Each structure stands twice: as structure tokens, then as C-alpha cells.
There are 2 protein chains.
Amino acid sequence: MIIIDYKDTRPIYEQIVEKFKTLILRGVLQADEQMPSVRNLAMELSINPNTIQKAYAELERQGFIYTVKGRGNFVSGDGKLVEERKCECIQKILELAKEVLEIGMTKIELIREIEQLQV
Amino acid sequence: MIIIDYKDTRPIYEQIVEKFKTLILRGVLQADEQMPSVRNLAMELSINPNTIQKAYAELERQGFIYTVKGRGNFVSGDGKLVEERKCECIQKILELAKEVLEIGMTKIELIREIEQLQV
DNA sequence: TAAGTGTACCATCATAAATAGTACAGTTAG
DNA sequence: CTAACTGTACTATTTATGATGGTACACTTA
């Protein structure tokens, strides 16, 4: 489910956070579903439990999961998160769009690219 | 011309590379124009010359500048760079667009955002 | 020749990421 | 109750990278 890219310059815990955020936002992991345990996931990925712990702490800080001591980590069902992520994405898209328009692309071309996008 | 953001988590040399790439691609720095010397820019930014050197080496590796020993670094006038950058940007835009469509936005909404963009 | 270029080193420091290991508290299935 | 799970909190250590400080050398130009 989670694959670490060792060519990626970002730290491992950050990659894990990103992957889980995507899985949760896209509904692959549903509300109140249990996350893999810290030790299990660490074993599976052959990395240190502390690294998973750090990733989970960050996911909790951002509201994507919640913790029940002794039972495990669970997916949070907060609808606001989707809205927030939408805003983040659109902001990034508009920044990139601005740049690409400044170096010679036209709005028409750009919009055509998006229209052709398969989802 | 170049400002370092110490809140930015990215390394300084990387920020410098990015800034110069943007300046070159947007034509602010024109072909065969001389870059600030390693020592001068280092003084101006109050950082170590080796850090500038690293940034320039990277810019040269990517084809944005060329070096004449004993004279200085100069902006390369390679038209392919703009094309390459366009492709990079569009690829990123399409990735983000895909995500934002998957979490509930419609193409119409997204396109409207881009239409409203001021450039 | 002097002062400016780039380049190549090397040693050092600072920081963050990651690992390793231990310990403790809560939950649950048997 | 016990054993085997959960998460959490530490501390110490290693590793990698970024950044600095300093020196030296070759080339170019006024």
C-alpha cells in the first residue's frame, strides 16, 4: 500500500504522511478505519518504528487520524480536510499556471490540456 | 535581485538556483548577460562563496548558464529551456488537477479559476 | 603587474533524519 | 489474570547534507 522512494530527496516520514493523506482524501481509507500499527508497518517497510511514529504524529496533528491508546490509530472522518486540500491544490495550480502563461503559453492551450484530462 | 527566505526549508543553494531559473526563463536576465561573480553575490547575500558556487554549478549542469574561466558566468541563450520548463509546469498542473478532480471539484469550476487568472 | 574572474580542495560545524534500544501504560482476546 | 497486542516517551548514536571558513591555483583583463 505504501512504497518508499529512496531516490526521493524528501525524508521518509514525509513521504509516508503524503501517501496516507492521499489515500484518506481519495476515500481509499475510510472514516474510522484502523491504520496499520506502528510496529507492523515499520516491519513491512523495513524501517524504524520511530519513523512511522513521527509520520503518524504529523497526520494526527493535521487532523487526518486520531489515536486511541492501546487500540491503535484510526482514520478521521473530517469533511473540512477535503476542502482544505482543494484550496491547497488550486493555489498551487494557479501559481504554476501563472508561470507557464508568462513564458509564452496561452490560456486557450492550457485550458485545452485540462479539458483533455482523463479522470 | 535575489532574496533568501530563511523560513523556507529548502537549502539556500536550491533557492538561488530556482530564483535564477525564473529570472532567465522570464527574460529578466538575457542571453550572454554576465551573472554576478561568485564572490560579489556571496558578499551581497552575506553567505559563503561556496554556496553560490554550488548554485552556479547546478545552473550550468542544467544548461542555464555557461562559464568562461577567468571571466565569469554568463546566461545561456538556449531556447529549449523554455520548452522544457513549460512541459515541467504542465505536468505538475495536470497531476494536481487530477487530484483535485478526484476529490470532488468539477472541470468547469477548475477551468473557470484559470480563466479568471490575471497575468 | 594587480585585481578581478572561476575552480578545487579540506576541515569543521550545525542540523535534521533515521536508527537502535528500553521502558511504560492502556486494550483486548484467551 | 495473563499474554500479546496497541501507542508513547525517552535517550543515545549514527548518518547525511548543508553551510561555513580558509587556502591555493589558473585564467583574464585593465
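Being a predicted model, the structure only gives us computed values, none of them experimental.
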Nearest-nucleotide wise, let me know which of B/Met35 and A/Pro11 is further upstream toward the 5' end of DNA chain C.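 Going by which nucleotide is closer to the 5' end, it is B/Met35.
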Comparing A/Val68 and A/Arg10 on DNA chain C - which has the more 5′ nearest nucleotide: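 The residue whose closest nucleotide sits nearer the 5' end is A/Arg10.
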For A/Arg10 and A/Asp8, run salt bridge (Lys or Arg N to Asp or Glu O under 4.0 Å): C-alpha distance rounded to whole Å, both residues' side-chain angles, the deciding distance at 0.1 Å, then the answer. CA-CA 5 Å; A/Arg10 292 177 310 167; A/Asp8 198 323; 3.1 Å; yes
When the nearest nucleotide of DNA chain D is assigned to B/Tyr13 and to A/Arg71 on a heavy-atom basis, which residue is associated with the more 5' position?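 The answer here is A/Arg71.
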Between [atom2] on [N] and [atom1] on [X], what's the gap in Å once rounded to a whole number?
X       : N      : atom1 : atom2 : result
B/Lys54 : C/dA8  : NZ    : P     : 14 Å
B/Tyr6  : D/dT20 : OH    : C1'   : 12 Å
B/Ile47 : D/dT20 : CD1   : P     : 6 Å
A/Glu60 : D/dG7  : CD    : C1'   : 10 Å
A/Tyr66 : D/dT8  : OH    : P     : 13 Å
A/Leu45 : C/dA18 : CG    : C1'   : 14 Å
A/Asn73 : D/dC5  : CG    : P     : 18 Å
A/Asn48 : D/dC10 : CG    : P     : 17 Å

Atom of B/Ala31, atom of B/Gly77 and distance for their closest heavy-atom approach: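 Looks like CB-CA, 3.7 Å.
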Which atom pair, heavy atoms only, marks the closest approach of A/Val17 to A/Ala55?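 The pair with the smallest heavy-atom distance is CG2-O, 3.6 Å.
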In plain terms, say whether A/Glu58 and A/Arg61 are close enough for a salt bridge, that is, a side-chain N and a carboxylate O under 4.0 Å apart.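 Result for this pair is yes, salt bridge flagged.
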Whether A/Asn40 contacts D/dT6 is assessed here as follows: a side-chain N or O lying under 4.0 Å from the phosphate OP1 or OP2. Is that the case?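 So the side chain of A/Asn40 is within the cut-off, an N or O lying under 4.0 Å from OP1 or OP2 of D/dT6.
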Establish, with yes or no, whether the OP1 or OP2 oxygen of D/dC5 is under 4.0 angstrom from a side-chain nitrogen or oxygen of A/Ser37.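 False: A/Ser37 side-chain N/O out of range (4.0 Å or more) of D/dC5 OP1/OP2.
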Between [options], which nucleotide gets closest to the side-chain atoms of [X]?
X       : options                : answer
B/Asn50 : C/dT7, C/dC10, C/dC24  : C/dC10
B/Ile12 : C/dA18, D/dT6, D/dA19  : D/dA19
A/Thr51 : D/dG18, D/dA19, C/dA18 : C/dA18

Pair B/Glu18-B/Arg85, salt bridge (Lys or Arg N to Asp or Glu O under 4.0 Å): steps then yes or no: CA-CA 12 Å; B/Glu18 263 312 304; B/Arg85 179 67 155 218; 3.5 Å; yes
